[in-house]
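The structure under discussion appears below in the form of structure tokens.
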Amino acid sequence: MPAKTALIYSNDFSRFSYGDDHPFKIQRFILARELMGMLGLTELPGACIHDCPRADEASLLTFHSPDYLQRLREFSDSDEPRADFRYGLGDLDNPVFKGFYDWAVLGVGGTMEAARLVTEEGYDIAFTMAGGWHHAHRSKASGFSYLNDAVVAINTLVAKGLRVAYLDIDAHHGDGVQEAFYDTDQVLTVSIHESGIYFFPGTGFEDEIGRGQGRGYSVNVPLVAHTDDALFMKAFDEVAYPLIAAYNPDVLVTQLGVDTFRTDPLTRLEITTHSYTYILRKLKALKIPWVAVGGGGYNMINVARGWTLAWGIMNGVELPPKLPAQFVDMIAPMGHPNRMLLDAMHWAEEDDRNRALDAVERSIAAIRETVFPVIIGNYAAAAGE
């Protein structure tokens, strides 16, 4: 039986802009939706497209502070340039533009709707491209993120008594999500990302494993520059997959940023669609109710390709290796010469790869020592009783 799936999308996305010079381009959602349509992925049996509702304030207050929300609304309504660095607003990363609060609320609403669909409406998978704002803190914008959609949506799941595993494969550490659930065993957070030693947000090291009741439930695999497909799959296979399988959550939430790709302008990893799709197929095989959100990606064609491939895998559709000619013609005037939907597996240069391999093996060894006894030990034992 094909999976029952939902794609969350809104035509309102095109109403917003972070600015012409900002690396985050909302146009990427529109390109992804266009590519999905050209490949026949928007008219699949068992798949529905749902509008993106706006989150209500009561839900936002399960994580964000009232004073922060008030400042967001105030600045969003203003016709004048505003800044308040105490709340992270108005700097280069987090610009204040007309309606930015509406934009942020739309993103949270989409992720909440995805969570509702898999827990109340019998959907196997729900994917909202405009989610994944994993850097937003309780009272501060950070890393292009104003409101933390994953945290708010996961809070609704935990309030129902559900246990959640959150996997983040964005190039940046999911610091805001980790922070929210650092002291609970109801949410397992796993982040595979570029190392914070030299990279934003400067967190996400192996020794960040949670505290109190949550000790062992925060997991981080920091990757060094030039980590390639094989090493990315190794990190997933030897850390994320066994931990998620042992924890056996009621709901799986994944952040599917594609700024890991080797042609992304802001990162130094060397991932391609090869390892990205490998991970997605293994996640689907777990058959856990699955909420998928977007995330980073600053090459718009990578975003369109990556999330189209993700939606194809969620629906069990094998896609051709090449982009449709119509899409190639559409992106050519934008300066994008891409013709391939699928990439060949990529290997980094030998010296770079050896350094990256040493780093990932050290991380895996540390996690096996500190986290595996908690998750694999406790939950594997419980499953065997």
Side-chain angles (χ1 to χ4, degrees), residues 8 16 18 24 52-73 75-76 86-89 91 93-95 100-116 126 128-159 164-184 186-191 193 200-204 208 210 214 217-218 220 251-257 259 291-297:
I8 316 296
F16 305 99
Y18 278 59
F24 177 81
C52 210
R54 284 161 173 75
D56 61 283
E57 184 170 352
S59 297
L60 299 179
L61 287 169
T62 65
F63 180 56
H64 294 290
S65 65
D67 57 314
Y68 176 60
L69 296 181
Q70 175 57 36
R71 186 52 55 95
L72 290 178
R73 286 192 296 266
F75 279 22
S76 182
R86 178 167 61 110
Y87 293 110
L89 298 171
D91 60 14
D93 277 0
N94 309 296
F100 76 93
Y101 180 73
D102 297 327
W103 161 251
V105 168
L106 198 62
V108 178
T111 304
M112 290 180 62
E113 176 70 356
R116 188 189 71 80
T128 175
M129 293 186 286
W133 306 103
H134 57 175
H135 297 308
H137 301 285
R138 182 172 186 268
S139 299
K140 190 171 186 179
S142 176
F144 315 160
S145 306
Y146 303 97
L147 297 172
N148 201 311
D149 62 295
V151 171
V152 174
I154 291 171
N155 281 341
T156 70
L157 298 173
V158 172
V164 179
Y166 171 82
L167 172 66
D168 194 318
I169 59 171
D170 191 282
H172 300 83
H173 175 230
D175 56 333
V177 183
Q178 173 180 288
E179 174 187 295
F181 303 113
Y182 205 59
D183 57 0
T184 180
Q186 292 302 107
V187 182
L188 171 69
T189 64
V190 182
S191 183
H193 50 267
F200 180 87
T203 54
E208 297 170 30
Y217 292 83
S218 289
N220 292 287
V251 181
L252 174 66
V253 178
T254 61
Q255 203 267 24
L256 303 180
D259 47 0
V291 173
V293 302

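Heavy-atom basis, side chains included; hydrogens, waters and symmetry copies ignored.
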Determine yes or no for a side-chain-to-main-chain donor-acceptor pair under 3.5 angstrom, with Tyr166 supplying the side chain and Ala150 the backbone.
no
Mind checking ring-ring contact (aromatic ring centres under 6.0 Å, His included) for Phe63 and listing every partner two or more places apart, or none if nothing turns up?
none
Under a 3.5 Å cutoff, is there a donor and acceptor pairing between the side chains of Gln178 and Asn220?
yes
Show the nearest heavy-atom pair for residues Met112 and Ala55, with the distance to one decimal.
SD-CB, 3.8 Å
Under the rule for salt bridge (charged side-chain N to carboxylate O under 4.0 Å, His left out), what residues qualify as partners of Arg86, not counting sequence neighbours?
none
Contacts of His64 meeting ring-ring contact (aromatic ring centres under 6.0 Å, His included) (sequence neighbours excluded), chain-then-number -> Tyr68
Can you list every side chain to side chain donor-acceptor pair (under 3.5 Å) pair that touches residues 140-150, not counting sequence neighbours?
Thr111-Asp149
Can you see whether Tyr87 engages Asp67 through a side-chain donor-acceptor pair at a distance of less than 3.5 angstrom?
yes
What distance separates Phe100 CZ from Tyr18 OH, expressed to the nearest 0.5 Å?
9.5 Å
Non-hydrogen atoms of Asn94 and Gly143 that approach each other most closely
OD1-N, 3.6 Å
Set of residues satisfying ring-ring contact (aromatic ring centres under 6.0 Å, His included) with respect to His173, sequence neighbours excluded:
His193
Can you name the one residue among Asn155, Leu69, Leu72 that meets side-chain contact (heavy atoms from CB on, under 4.5 Å) with Leu60?
Leu69
Leu157 side chain near Gln186 side chain, heavy-atom distance below 4.5 Å
no
Mind checking what makes ring-ring contact (aromatic ring centres under 6.0 Å, His included) contact with Phe200, not counting sequence neighbours?
His135
What closest approach, in Å, do Gly174 and Asp168 show between heavy atoms, and which atom pair accounts for it?
CA-OD2, 3.5 Å
Quick one: closest heavy-atom pair of Asp259 and Ala171, and the distance?
OD1-N, 2.9 Å
Atom of Ile154, atom of Phe181 and distance for their closest heavy-atom approach
CG2-CZ, 3.5 Å
Can any side-chain N or O of Asp93 pair as donor or acceptor with the backbone N or O of Phe144 at less than 3.5 Å?
no
Just by distance, do the side chain of Glu208 and the backbone of Gly204 share a donor-acceptor pair under 3.5 Å?
yes
Could you check, using the six-membered ring where one of them is a Trp, whether Trp133 and Phe24 have ring centers closer than 6.0 angstrom?
yes
Closest non-hydrogen contact found for Ser139 with Ser65 is OG-OG, 2.6 Å
Thr254 side chain near Ile169 side chain, heavy-atom distance below 4.5 Å:
no
Would you check if the side chain of Thr128 reaches a backbone N or O of Val293 as a donor-acceptor pair within less than 3.5 Å?
no
From Ser191 OG over to Leu167 CG, what is the distance, rounded to the nearest 0.5 angstrom?
8.0 Å
Could you tell me whether the side chain of Asp170 and the main chain of Gly295 form a donor-acceptor pair under 3.5 Å?
no
Got a second to check how far Arg138's CZ is from Glu179's CD, nearest 0.5 Å?
10.0 Å
